[in-house]
Structures are given as structure tokens and as C-alpha cells.
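Working notes, structure below.
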Amino acid sequence: MSGAGGPRAVLIGTMGAGKTTVGRLVAASLGVGFADSDELIEEQAGKSVQDIFVEDGESAFRALERATVARALDEHGGVLSLGGGAVLDPATQALLASQQVVFLRVGLADAVKRVGLGTGRPLLLGNVRARVKQLLDERTPVYEGLARVVVDTDGREPAVIAAEILTALQGDLA
Ligand code: S3P
């Protein structure tokens, strides 16, 4: 059962796709709230995503992420953005089948530029460019398979991307 009717849109994509920035803009335009799965996890755990990875391990983070995303899909009525790896979970994929999923696509050069040194992103430790490339290669087909709408973000301002999302989803979001 969907508490608040579920999110108006769910943003997916890899690190550096701009999910949080664009999600906030889309939510503001719609006059609804915004939630980000990483922030929800941090609130609940009382520590940063980075600390969860280091102290508890990635599988503990993924279990928290699965539960947090399931609850947010049920309870959050605004715009929801998901951490880049959340969609790899089969249970999460099943829940997303009935959602307005928007994939923010980004190429290697822009993704690397946007994540900078990768600070706060444990999966990027080491060679940031090589890690981002690997994640893009592995995950892009998953993102594309789950998306109802795909928006290219390379070289584009967040406001322009947000406007395209609103237009694309207008019929469903109205
Ligand atoms: C991850 C992406 C991060 C965060 C965690 C793992 C991933 O979220 O959930 O560091 O697996 O791609 P963002 O995509 O919001 O940076």
C-alpha cells in the first residue's frame, strides 16, 4: 500500500549524474518535498555513508539502503533520488517497476568532473576516473532498463535538465 501515493518521480543514475541537485529543482517546481536515499540512511544510522562503508562494510550499507528505499517509495510523496548503486538490488528493481523512474544519464568526462576527488564516496577510492568508468559500464544498462524517461545531462545546467524532466513527465505528474 502506498502511504502518500508514492513519489512523483524517482531519480536514478550514477554518482555525478546530478540527482540531488536536479531532484531539488524538480521538487521545488512541483511544490513537493525532496528526499535523497543517502541522506535518509545517514539520518537513520546517525553516521555518514562513508563511515557506514568503513565501519560496517558495503553489505551492511546495501541492507540499510534496501530497507530505506522501500520505505521511501511507500511513504514519500515528493521527488526521491536514489544512491547510484541502489537500483542493483533485485527487490528494489521490482519496486521501481511501478514508479516514475527518471534516469539522469552522464558520460565519463562530466561524471569525473562533477565528483571531483570523490571525497565522501567510498566506491571511488583509488583511481576516480577508472572507478567511474567501471561503474558507468556496469550500471548504465540497468539504469536504462528501469527508466521511463532518460535525460542527458552532459554539459547541461541543472535547471535545464529539471525543466526537461517536468515536460517529459507532465502528463503523469499533472
Ligand atoms: C553509491 C553511490 C552513492 C552512495 C554510496 C554508494 C554507488 O550515492 O549511495 O557511496 O554505489 O554508486 P550517490 O550516487 O548519490 O553519490
Tell me whether [Y] is reachable from [X] by hopping between hydrophobic residues (I, L, V, M, F, W, Y) whose side-chain heavy atoms are closer than 4.5 Å.
| X | Y | value |
| --- | --- | --- |
| Val79 | Val149 | yes |
| Phe61 | Val115 | yes |
| Leu80 | Leu95 | yes |
| Val87 | Leu73 | yes |
| Val49 | Val54 | no |

Hey, what do you get for [atom1] ([X]) to [atom2] ([Y]), rounding to the nearest 0.5 Å?
| X | Y | atom1 | atom2 | result |
| --- | --- | --- | --- | --- |
| Gln99 | Ile12 | CD | CD1 | 11.5 Å |
| Leu108 | Lys113 | CG | NZ | 11.0 Å |
| Arg139 | Leu88 | CZ | CG | 5.0 Å |
| Thr68 | Leu82 | OG1 | CG | 11.0 Å |
| Thr20 | Leu11 | OG1 | CG | 8.5 Å |
| Ile41 | Leu64 | CD1 | CG | 6.0 Å |

Minimum heavy-atom distance [X]-[Y], with the two atoms named:
| X | Y | value |
| --- | --- | --- |
| Lys133 | Asp137 | NZ-OD2, 2.7 Å |
| Val106 | Ala111 | CG2-N, 3.5 Å |
| Val69 | Ala86 | CG2-CB, 4.3 Å |
| Leu40 | Ala72 | CD1-CB, 3.9 Å |
| Ser37 | Gly83 | OG-N, 2.9 Å |
| Gly84 | Tyr143 | O-OH, 2.5 Å |

Return yes when atom CD of Glu58 has more than 12 non-hydrogen atoms of other residues, nucleotides or ligands closer than 6.0 Å, and no otherwise. yes

Can you find a pair of side-chain heavy atoms, one from [X] and one from [Y], that are under 4.5 Å apart?
| X | Y | result |
| --- | --- | --- |
| Leu104 | Val22 | yes |
| Val26 | Phe34 | no |
| Val102 | Gln100 | no |
| Gln44 | Arg71 | yes |

Taking only residues two or more places apart in sequence or in another chain, which ones pass side chain to side chain donor-acceptor pair (under 3.5 Å) with Asp56? Lys47

Partners passing side-chain contact (heavy atoms from CB on, under 4.5 Å) against [X] (at least two apart in sequence or in another chain):
| X | value |
| --- | --- |
| Arg66 | Ala63, Asp89, Ala91, Thr92 |
| Asp152 | Arg105 |
| Ser29 | Leu166 |

For the pair Glu164 and Arg156, evaluate side-chain contact (heavy atoms from CB on, under 4.5 Å) and give the outcome as yes or no after the intermediate values. CA-CA 11 Å; Glu164 186 174 329; Arg156 304 178 78 195; 2.7 Å; yes

Quick check: does any side chain N or O of Arg131 sit under 3.5 Å from a backbone N or O of Leu123, one acting as donor and the other as acceptor? yes

Residue pairs passing the salt bridge (Lys or Arg N to Asp or Glu O under 4.0 Å) test with at least one member in residues 13-38, sequence neighbours excluded, are Arg24-Glu39

With sequence neighbours left out, what residues match Arg114 under salt bridge (Lys or Arg N to Asp or Glu O under 4.0 Å)? Asp110

